[in-house]
Peer 1: 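Sharing a structure here in structure tokens format.
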Amino acid sequence: MKTAIATVCIAGDLREKLAAIAAAGFDGIEIFEQDFITFDASPREVGAMVRDHGLEISLFQPFRDFEGLPEPERARAFDRMERKFDLMQELGTDLVLVCSSVHPKALGGIDRMAEDFAELGDRAAARALRVGYEALAWGSHVNDHRDAWEVVRRADHPNIGLILDSFHTLGRGIDPDSIRAIPGDRVFFVQLADAPMIEMDLLYWSRHFRNMPGEGDLDVTGFMRAVAATGYDGPISLEVFNDQFRGGSPRAIALDGHRSLVYLMDQVKRAEPDIAIAVPEIPPRIRAEGVSFVEFAASEAEAEDLGRLLTALGFQKAGQHISKQVAVWRQGDIRIVLNTDPEGFAHTSHIAHGLNVCDIGLTVDSATATVARAEALGATPFHQPVGPGELDIPAIRGVGSGLLHFIDRQSDLAQVWEIEFEPVGDDGARGAGLTRIDHIAQTMNYEEMLTWSLFYLSLFDTHKLATVDVVDPGGLVRSQAIESPDGALRVTLNGADTHRTFAGRFIADSFGSSVQHVALATDDIFATAEALAAGGFQALPMPENYYDDLAARLGLDDAFVDRLRAHNILYDEDAEGAFFQIYSRSFGDGIFFEIVQRKGGYAGYGAPNAPFRIAAQRRFMRQPGMPRQ
Ligand SMILES: O=C(O)c1ccc(O)c(O)c1
Ligand SMILES: [Mg+2]
């Protein structure tokens, strides 16, 4: 499988782009004319620089407004192309992309355009070059790959072929299966891009909002399956015009791009096993069976405070590590690990971020398969020295600053709690009915959201829900849930635009993106609320206005609203079921716990309540340190 990426996808000058593209593992580039012109080196030098990075120039583009012109513009277009052929030969590439014309004088007519290409084919053949024709979704006469194919078919020249671009096909709602009938050897190149589903002008959408396959809402997999069915075996290339990416980190965007192609082609290969492209064998997307633990890096004082909060939440300290300053707290299937060890990753993480969730443990079927897939997707494996009597639990670095450990039942990993921890005597805690981790909420800068969602979607068998806008008095926070089909893994990603929001302030204060809250499930919110109150837990107080509105909005009876109010329980319902939430007050740099109950088929996260919860949290965030329990 040969991968390529257009230089427009990445920020920086040409040299910076090439370094990032090569480091991410691509085989080639589509060199954008603009990136070449703005760079101060001869075409030969640029060609050599590309090859020095271990890359090839798979394509030169774009050549605009070639076909269907009357004279004298027609002759001018051929002259212009001869100049670009010179340039291509100096650069060292044999393929140029001609995009369909938007020239005001272009006449159209399939046969006229086919004749132009037949003549161009002779000129290209004289220099052993090839020309690919792409239908822009907004081309004046050709705006559909089926018409571009008809032009190429009639040109009937071995040096003239078709270029397919997923955006132009899917963005216009053209059925990608229409590609299946095209002979694969007539397709010279394939460009891939996804995009979020937004109603807007096609050209504007294409030039500003494209994103990597899997990051948007288009059926890029269906498109690529159809391409694969033609027998096409050339490069798979990304062509993503995106305002955010143009200003983003070159390395991070290039890595996301490569990951998106590995993920996409793995899906395509599973659906079209006979494809001609040699797709590497990797384990399928991993089914997460649940969250095994959440680990906090803490100082001793912070761990003591957090221990008090956990006690109030009904947790019990269940084990102490055999050799490290690490304790595990338990309730139901929930494990919270408090790591105060003066060495190791948690310690480093604490120095960098203060009290924070430095590690998440996930239960999977095979921990080694999980790390193998993660590595194929470009994730970084994590190792640290294993002490006597300890297990070497497979781990990778997550997208933020934290780690992900994987625990399975195929080995003795699942016994880590018995092997590495000594039980601590029962303190008689009754628990508060908390059963499992419902979801983990991670906060990041808005620009990082696509990176995080692609990370989870490509590694785990998960899907994303629609993005929700949450209004914080300090700005907008966008929230996206990623979840496994059975809900065993639910992660919400919260992207903050400014540091004035509660989420943005958390990122600034903790010096990085991380877990901001952990939601714990109960099967009986009122019983849990009573138990918490008895244990001295102080819920985040919700204002009277909230309950008045709730009663009016949902038509709830007074007695029910009184019960909610008495315990500061937030409530939402939809056609499928109901949702209850209690929040803790925040601690550290703005971390908190949430307690939830899902009733019936309620599948959301209480989005209507989010603005009220955030406003309440902001009222309490002025008080530094841990809330007193
Ligand atoms: O937006 C454009 O003009 C443009 C140019 C070349 C392409 O390959 C493309 O898909 C779009
Ligand atoms: Mg294109």
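Counting convention: from 1, in listed order, for ligands and their atoms alike. Just the heavy atoms: all of them, side chains too, but no hydrogens, waters or symmetry mates, feed the values below.
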Peer 1: Could you list all the ring pair (Phe, Tyr, Trp, His ring centres under 6.0 Å) pairs where at least one residue sits in residues 250-280, not counting sequence neighbours?
Peer 2: F26-H258

Peer 1: Do you know the tightest heavy-atom contact between E483 and Y605?
Peer 2: OE1-OH, 2.6 Å

Peer 1: List, ordered by chain and residue number, the protein residues whose closest non-hydrogen atom lies under 4.0 Å from any atom of ligand 1.
Peer 2: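 The 4.0 Å shell around ligand 1 contains Q61, P62, R64, L97, E134, L136, W138, D165, H168, Q191, R207, R210, E239, F241.
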
Peer 1: Tell me, please, whether F63 has R80 positioned over its six-membered ring: NZ or CZ under 6.0 Å from the ring centre and within 45 degrees of its axis?
Peer 2: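 R80 over F63 ring: yes.
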
Peer 1: Just checking, R123 and F85: is the charged tip under 6.0 Å from the six-membered ring centre and within 45° of the axis?
Peer 2: no

Peer 1: Please indicate how many protein N/O/S atoms are found closer than 2.8 Å to the Mg ion (ligand 2), with waters neither displayed nor included.
Peer 2: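 Number of qualifying protein atoms: 4.
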
Peer 1: Does a salt bridge link R285 with D266, judged by any charged N lying under 4.0 Å from a carboxylate O?
Peer 2: no

Peer 1: For the pair F209 and Y204, name the ring-plane relationship: parallel under 30°, tilted 30 to 60°, perpendicular over 60°.
Peer 2: tilted

Peer 1: Is any side-chain heavy atom of I31 closer than 4.5 Å to one of V46?
Peer 2: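 Yes. Closest side-chain heavy atoms under 4.5 Å.
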
Peer 1: Please work out whether the ring planes of F78 and F66 are parallel, tilted or perpendicular, with thresholds of 30° and 60°.
Peer 2: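 Perpendicular.
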
Peer 1: Pairs under 3.5 angstrom only: tabulate donor-acceptor contacts from the side chains of residues 132-140 to other protein residues two or more places apart or in another chain.
Peer 2:
{"from": "Y133", "atom 1": "OH", "to": "E67", "atom 2": "OE2", "distance (Å)": "2.6"}
{"from": "S140", "atom 1": "OG", "to": "S101", "atom 2": "O", "distance (Å)": "3.2"}

